[in-house]
Amino acid sequence: MAGAIASRMSFSSLKRKQPKTFTVRIVTMDAEMEFNCEVLDHDVSKEEPVTFHFLAKFYPENAEEELVQEITQHLFFLQVKKQILDEKIYCPPEASVLLASYAVQAKYGDYDPSVHKRGFLAQEELLPKRVINLYQMTPEMWEERITAWYAEHRGRARDEAEMEYLKIAQDLEMYGVNYFAIRNKKGTELLLGVDALGLHIYEPENRLTPKISFPWNEIRNISYSDKEFTIKPLDKKIDVFKFNSLKLRVNKLILQLCIGNHDLFMRRRKADSLEVQQMKAQAREEKARKQMERQRLAREKQMREEAERTRDELERRLLQMKEEATMANEALMRSEETADLLAEKAQITEEEAKLLAQKAAEAEQEMQRIKATAIRTEEEKRLMEQKVLEAEVLALKMAEESERRAKEADQLKQDLQEAREAERRAKQKLLEITTKPTYPPLNPIPAPLPPDIPSFNLIGDSLSFDFKDTDMKRLSMEIEKEKVEYMEKSKHLQEQLNELKTEIEALKLKERETALDILHNENSDRGGTSSKHNTIKKPQAQGRRPICI
């Protein structure tokens with residue numbers, strides 16, 4: 001399949017007296033078709049307004065290889081997602097959680113804890129109702145498990161997340177299968193499944209495991225007569241399989257699906273046409289351009305974040321230097337005040353010392369005068385001696401006090417010198433802070449981009465881009481590397497699915513299991529050997545007839 005059509009049209013009024021027609025134009029990898037359809041040719045509802053759903057009729061075998069254009073991939077993703085949510089395609093619970101995480105990545109982009117807070121998925125329809133009802137789990141518990149996987153998809157663009165969704169969905173047993181009710185020659189009711197790989201016969205209650213399959217390359221002819229449908233295998237030793245449908249119109253639809261799927265099956269196994277090769281080349285170039293653009297944007301974002309971090313660091317350092325300068329100024333002011341106080345105190349002490357020295361000199365003169373004018377009498381002599389003794393004691397005390405004051409003056413001079421030294425050091429530190437080189441601007445000019453990033457020239461609404469051979473070769477090597485990494489991630493993914501299945505198994509309500517759940521569990525226990533993919537690949541022994549049904 002090369003293209004998908006998925007859109008909705010609503011007609012506000014539809015009168016059956018005047019048949020309406022509409023034109024559908026389909027563009028695929030191989031051809032461009034345009035045809036007219038009459039509304040009354042289809043089984044439409046009589047209610048108004050009438051809603052038409054235009055969906056993909058043929059499913060690709062490998063979505064990654066066949067869905068070339070991004071819009072085709074997106075529309076097909078929406079179709080498959082709705083079929084899984086509507087339970088038209090059975091999906092195991094653990095796989096449903098993984099698919100939901102890719103759907104969230106496609107819609108919301110990378111996970112951001114500050115934006116995608118608890119409850120942001122409350123209004124989203126992400127899981128089939130069957131899965132929700134099967135477990136005793138609250139919406140918050142489902143959201144927690146979906147978000148855990150969603151956070152691991154960081155860096156994936158919308159188209160990449162949608163493609164990962166489709167790559168997982170295309171391995172589901174009911175993916176791409178159109179079921180029709182039929183009866184075999186014995187009148188047993190069966191189901192006929194038509195898909196991209198071939199025809200499959202199912203029991204009505206088991207749409208997962210076909211009883212027998214006919215690959216397209218082993219079918220020689222398909223035809224119908226009235227309500228009888230005939231499948232002729234390529235091996236003539238194998239019986240022709242015949243069945244009856246309920247309506248002739250169903251046979252026409254089955255034949256159309258068979259012809260279309262067989263044609264696409266054979267076309268996929270041939271070399272691509274020139275037009276398809278050109279489309280794929282354009283798609284690869286577009287993918288390469290987008291990948292390079294994402295890389296450029298990621299690098300610019302990283303450089304911007306680094307510039308912001310540098311700016312914040314410079315602002316922090318500038319603020320720190322301002323605080324240090326303020327503290328140095330305050331220390332300098334305190335030093336100047338202390339020096340002034342010490343100088344004033346030293347001056348006062350010096351004056352007091354001079355005054356004491358002057359009083360000591362006057363006391364000495366008084367003592368000499370008293371000695372010269374001593375009274376001759378004994379009493380006067382004794383009194384004189386006593387006065388002399390008192391004068392000597394007083395003079396000694398004055399001398400000691402003068403010496404103490406002199407020492408205190410010396411100490412004050414020393415403290416004044418230290419204060420002036422501290423003032424000198426504070427001024428020198430302030431001078432060093434103010435004479436440091438100017439810091440770079442707070443909004444630095446971003447560094448030039450690395451030479452390996454292509455340049456974009458935006459002129460008005462036009463966008464020019466030049467590719468280089470080296471870029472394409474490097475991209476090819478990266479794609480090969482991604483394939484190897486994908487194999488490793490697939491193993492890791494399977495382990496995660498098993499862990500989730502084991503984790504929620506204890507919360508399962510066994511009585512709510514559907515028939516498809518039970519069949520899927522049985523197939524898983526058998527290792528998945530009964531799926532349509534394995535059934536169709538089983539080689540039939542020479543001359544061995546198919547199972548009689």
Side-chain angles (χ1 to χ4, degrees), residues 108-120 147 151 154-155 293-358 400-453 455-456 458:
Y108 290 96
D110 289 343
Y111 174 69
D112 187 352
S114 61
V115 177
H116 305 124
K117 299 180 180 179
R118 175 174 292 186
F120 79 103
T147 305
R154 176 174 294 277
E293 175 69 8
R294 285 196 294 268
Q295 290 178 354
R296 185 183 69 83
L297 292 176
R299 293 185 184 182
E300 288 182 354
K301 181 180 179 181
Q302 183 180 1
M303 292 171 61
R304 185 167 59 252
E305 290 175 351
E306 291 179 355
E308 290 176 355
R309 285 196 297 269
T310 304
R311 183 194 63 188
D312 294 340
E313 178 64 19
L314 290 174
E315 289 179 351
R316 187 187 64 80
R317 290 176 59 187
L318 180 60
L319 182 61
Q320 182 180 357
M321 295 301 293
K322 286 182 178 179
E323 292 178 354
E324 291 180 358
T326 302
M327 293 175 63
N329 280 328
E330 292 177 354
L332 178 61
M333 292 175 62
R334 288 195 298 270
S335 299
E336 290 177 350
E337 292 176 357
T338 304
D340 293 340
L341 290 174
L342 290 174
E344 184 178 356
K345 191 174 181 179
Q347 184 178 359
I348 293 172
T349 306
E350 187 174 358
E351 292 177 355
E352 290 179 352
K354 289 180 179 179
L355 182 60
L356 289 174
Q358 183 179 357
E400 291 176 355
E401 181 67 17
S402 177
E403 185 178 358
R404 185 181 69 79
R405 292 288 183 171
K407 289 181 180 181
E408 185 175 351
D410 294 338
Q411 182 64 36
L412 288 174
K413 288 180 181 179
Q414 184 177 356
D415 292 344
L416 177 61
Q417 185 176 1
E418 291 177 358
R420 289 175 176 171
E421 181 66 23
E423 179 182 358
R424 184 187 64 78
R425 288 196 300 270
K427 287 182 179 180
Q428 184 177 0
K429 184 175 182 181
L430 181 61
L431 182 62
E432 291 176 357
I433 292 174
T434 55
T435 56
K436 280 188 178 180
T438 307
Y439 287 100
L442 298 184
N443 294 317
I445 300 175
L449 295 175
D452 60 340
I453 300 179
S455 61
F456 287 81
L458 294 176

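Quick note: numbers below take in every heavy atom, side chains included, and nothing from hydrogens, waters or symmetry partners.
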Scanning both residues in full, the closest heavy-atom pair of Leu356 with Glu401 reads CD1-CG, 3.3 Å
List the residues meeting side-chain hydrogen bond (donor to acceptor under 3.5 Å, both in side chains) with Asp112, not counting sequence neighbours, and say none if there are none. Ser114
Residue pair Leu297 / Glu300, side-chain heavy-atom distance below 4.5 Å: yes
Heavy-atom nearest pair, Tyr108 first then Phe120, reads OH-O, 3.8 Å
Taking C-beta and beyond as the side chain, do Leu319 and Glu323 meet within less than 4.5 Å on heavy atoms? yes
To the nearest 0.5 Å, what is the distance between CD on Glu315 and CD on Glu308? 10.5 Å
With sequence neighbours excluded, tell me which residues meet salt bridge (Lys or Arg N to Asp or Glu O under 4.0 Å) with Glu313. Arg316
Take atom CD of Glu344 as the centre, draw a 6.0 Å sphere, and report whether it contains more than 12 heavy atoms from other residues, nucleotides or ligands. no
Those residues that, when tested against Asn329, pass side-chain hydrogen bond (donor to acceptor under 3.5 Å, both in side chains) (two or more places apart): none
dist Gln414:CD -> Leu342:CG (nearest 0.5 Å) comes out at 11.5 Å
Take a 6.0 Å sphere around CD of Gln417 and say whether it holds more than 12 heavy atoms from other residues, nucleotides or ligands. no
Output all residues satisfying salt bridge (Lys or Arg N to Asp or Glu O under 4.0 Å) with Glu408, sequence neighbours left out; order by chain, then residue number. Arg404
Trace of the side-chain contact (heavy atoms from CB on, under 4.5 Å) decision for Lys354 with Glu351: CA-CA 5 Å; Lys354 289 180 179 179; Glu351 292 177 355; 5.7 Å; no
Smallest heavy-atom separation, Arg405 atom then Thr349 atom, equals O-CG2, 3.5 Å
Checking Gln411 now: which residues fulfil side-chain hydrogen bond (donor to acceptor under 3.5 Å, both in side chains) with it, not counting sequence neighbours? Asp415
Could you tell me which residues satisfy side-chain hydrogen bond (donor to acceptor under 3.5 Å, both in side chains) with Arg425, sequence neighbours excluded, listed by chain and number? none
Do NZ/NE/NH1/NH2 and the carboxylate oxygens of Arg296 and Glu293 come within less than 4.0 Å? yes
For the NZ atom of Lys345 and the CD atom of Glu352, what is their distance to the nearest 0.5 Å? 10.0 Å
Value for CZ (Arg317) from CD (Glu324), rounded to nearest 0.5 Å, stands at 10.5 Å
